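These notes are about the structure you will find just below.
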Amino acid sequence: MSEEKIIYPEDVILEPADVPIYKVTTEQGVYYTESEQHARSVMATHKHCYNLACDRPAQYGLLYCQECEYLKRLADRAKAPMWDGKFPLMDEDSEKWFSDLDELAEFCFEKDVLPEDRFLRTGDARMATDIDVSYDDLLGEDESELSIPELQQYVDDFKEGLKNFTKPVCWYEDKIVQLPAEIVAEIRRKCLEWAAK
């Protein structure tokens with residue numbers, strides 16, 4: 001085993017280096033990087049499309065130009081699994097949520113769009129979770145009009161209600177999906193019926 005060498009401050013040699021540095025400003029703060037590719041990946045520069053074969057400028061806030069972004073989304077949708085029939089669904093472009101097939105068909109009819117051209121995502125349910133409440137925290141510095149036993153009873157009732165609450169509190173977009181051919185045909189049929197009226 002080699003002997004460890006102790007390095008003292010006077011042993012360190014500092015030399016100036018001519019390296020390009022990119023200042024990256026994001027919502028999280030400012031930092032510096034030597035890689036232009038890294039700066040682009042965090043959307044700090046928008047000079048070129050991330051697709052190196054493309055010479056168009058990238059769309060602000062995206063890595064790709066508008067055309068390449070659309071082609072990428074089409075490719076992602078083509079690889080996506082078939083929808084399992086569970087609602088809700090979210091239209092990615094309009095951020096509209098659908099709780100049944102009629103709502104989706106009505107949207108397609110009103111916007112005059114084809115259902116197979118939409119970028120749809122499944123919904124991920126977020127359930128109510130138990131909360132940890134300190135009764136002293138509820139009182140705060142101001143004196144409460146409720147007594148401690150009353151306050152404890154309200155908090156306990158609320159916690160019990162949360163345990164028994166089985167519906168989702170909210171939904172978040174999840175995976176992109178394709179609509180099966182029979183669902184597309186059903187939506188088109190409904191749109192044609194409405195157009196004939």
Side-chain angles (χ1 to χ4, degrees), residues 26-29 42-43 59-64 69-70 72-197:
T26 66
E27 293 174 1
Q28 290 81 26
V42 293
M43 297 177 224
Q59 190 174 353
Y60 181 76
L62 299 174
L63 296 176
Y64 298 91
E69 178 70 21
Y70 182 71
K72 182 182 176 307
R73 290 174 71 201
L74 283 176
D76 290 346
R77 185 177 64 192
K79 292 186 275 185
M82 284 295 167
W83 177 54
D84 60 5
K86 295 180 183 174
F87 283 98
L89 280 177
M90 187 199 80
D91 179 66
E92 194 175 80
D93 295 323
S94 66
E95 296 184 1
K96 179 162 177 47
W97 289 86
F98 308 105
S99 59
D100 60 30
L101 201 56
D102 287 336
E103 281 186 17
L104 179 55
E106 188 177 321
F107 173 82
C108 291
F109 178 71
E110 288 175 359
K111 301 291 184 189
D112 196 24
V113 294
L114 298 173
E116 62 269 26
D117 290 343
R118 305 312 299 164
F119 293 94
L120 299 172
R121 290 187 171 273
T122 57
D124 180 27
R126 301 297 164 106
M127 307 305 283
T129 56
D130 193 19
I131 58 170
D132 184 27
V133 178
S134 167
Y135 306 110
D136 295 332
D137 291 343
L138 291 174
L139 289 175
E141 294 180 16
D142 300 332
E143 289 186 23
S144 175
E145 294 177 8
L146 299 172
S147 67
I148 296 290
E150 286 176 311
L151 200 54
Q152 286 178 344
Q153 185 59 45
Y154 285 129
V155 170
D156 291 341
D157 290 346
F158 181 73
K159 283 183 175 183
E160 189 61 35
L162 273 181
K163 285 180 188 173
N164 298 329
F165 194 75
T166 57
K167 294 182 179 178
V169 176
C170 64
W171 293 88
Y172 288 94
E173 65 180 74
D174 197 16
K175 299 176 183 126
I176 194 163
V177 291
Q178 298 181 60
L179 290 177
E182 59 272 9
I183 299 293
V184 169
E186 176 68 17
I187 292 172
R188 284 177 168 229
R189 185 188 60 75
K190 288 182 181 198
C191 290
L192 288 173
E193 284 178 12
W194 292 333
K197 290 182 183 179

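All of these numbers come straight from a predicted model, not from anything done at the bench.
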Nearest-0.5 Å distance, [atom1] of residue [X] to [atom2] of residue [Y]:
X	Y	atom1	atom2	answer
Asp156	Lys159	CG	NZ	6.5 Å
Asp157	Leu162	CG	CG	11.5 Å
Ile183	Leu104	CD1	CG	9.0 Å
Met90	Lys96	CE	NZ	12.0 Å
Phe98	Leu89	CZ	CG	8.0 Å
Lys163	Phe158	NZ	CZ	12.5 Å

Q. Does the salt bridge (charged side-chain N to carboxylate O under 4.0 Å, His left out) test come out yes or no for Glu193 and Arg189, once each step is laid out?
A. CA-CA 6 Å; Glu193 284 178 12; Arg189 185 188 60 75; 2.3 Å; yes

Just list the side-chain donor-acceptor pairs under 3.5 Å for residues 72-88, sequence neighbours left out, or say none.
residue: Lys72; atom: NZ; partner: Asp76; partner atom: OD2; Å: 3.2
residue: Arg73; atom: NE; partner: Glu92; partner atom: OE1; Å: 3.1
residue: Arg73; atom: NH1; partner: Asp93; partner atom: OD1; Å: 3.1
residue: Arg73; atom: NH2; partner: Glu92; partner atom: OE1; Å: 2.7
residue: Arg73; atom: NH2; partner: Asp93; partner atom: OD1; Å: 2.7
residue: Arg77; atom: NH1; partner: Glu116; partner atom: O; Å: 3.3
residue: Arg77; atom: NH1; partner: Asp117; partner atom: O; Å: 3.2
residue: Arg77; atom: NH1; partner: Arg118; partner atom: O; Å: 3.0
residue: Trp83; atom: NE1; partner: Lys86; partner atom: O; Å: 2.9
residue: Asp84; atom: OD1; partner: Lys86; partner atom: N; Å: 3.0

Q.
Can you tell me if Asn164 has over 12 outside heavy atoms packed within less than 6.0 Å of its CG?
A.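 Above 12, so yes.
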
Closest non-hydrogen atom pair between [X] and [Y], with its separation:
X	Y	result
Cys191	Ala105	SG-O, 3.5 Å
Glu173	Trp97	N-CH2, 3.7 Å
Ser94	Phe107	OG-CZ, 3.6 Å
Met127	Pro168	SD-CA, 3.6 Å

(Q) Checking side-chain contact (heavy atoms from CB on, under 4.5 Å) between Ile187 and each of Leu192, Leu101, Leu114, which is the one that passes? (A)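 Only one option passes, and that is Leu101.
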
Q | Glu106: side chain to side chain contact (heavy atoms under 4.5 Å, CB included) partners, not counting sequence neighbours | A |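 Partners of Glu106 under the side chain to side chain contact (heavy atoms under 4.5 Å, CB included) test: Glu110, Trp194.
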
Q.
I'd like to know if the side chain of Thr122 reaches the main chain of Asp174, judged simply by a donor and an acceptor atom lying under 3.5 Å from each other, with no hydrogens or angles considered.
A.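 Checked: no pair found.
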
**Q.** Contacts of type salt bridge (Lys or Arg N to Asp or Glu O under 4.0 Å), residue Asp102, not counting sequence neighbours
**A.**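 Asp102: salt bridge (Lys or Arg N to Asp or Glu O under 4.0 Å) contacts with Lys190.
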
Q. Below 4.5 Å, heavy atoms only, C-beta onward: do Leu120 and Asp91 meet side chain to side chain?
A.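 Yes, side chains in contact.
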
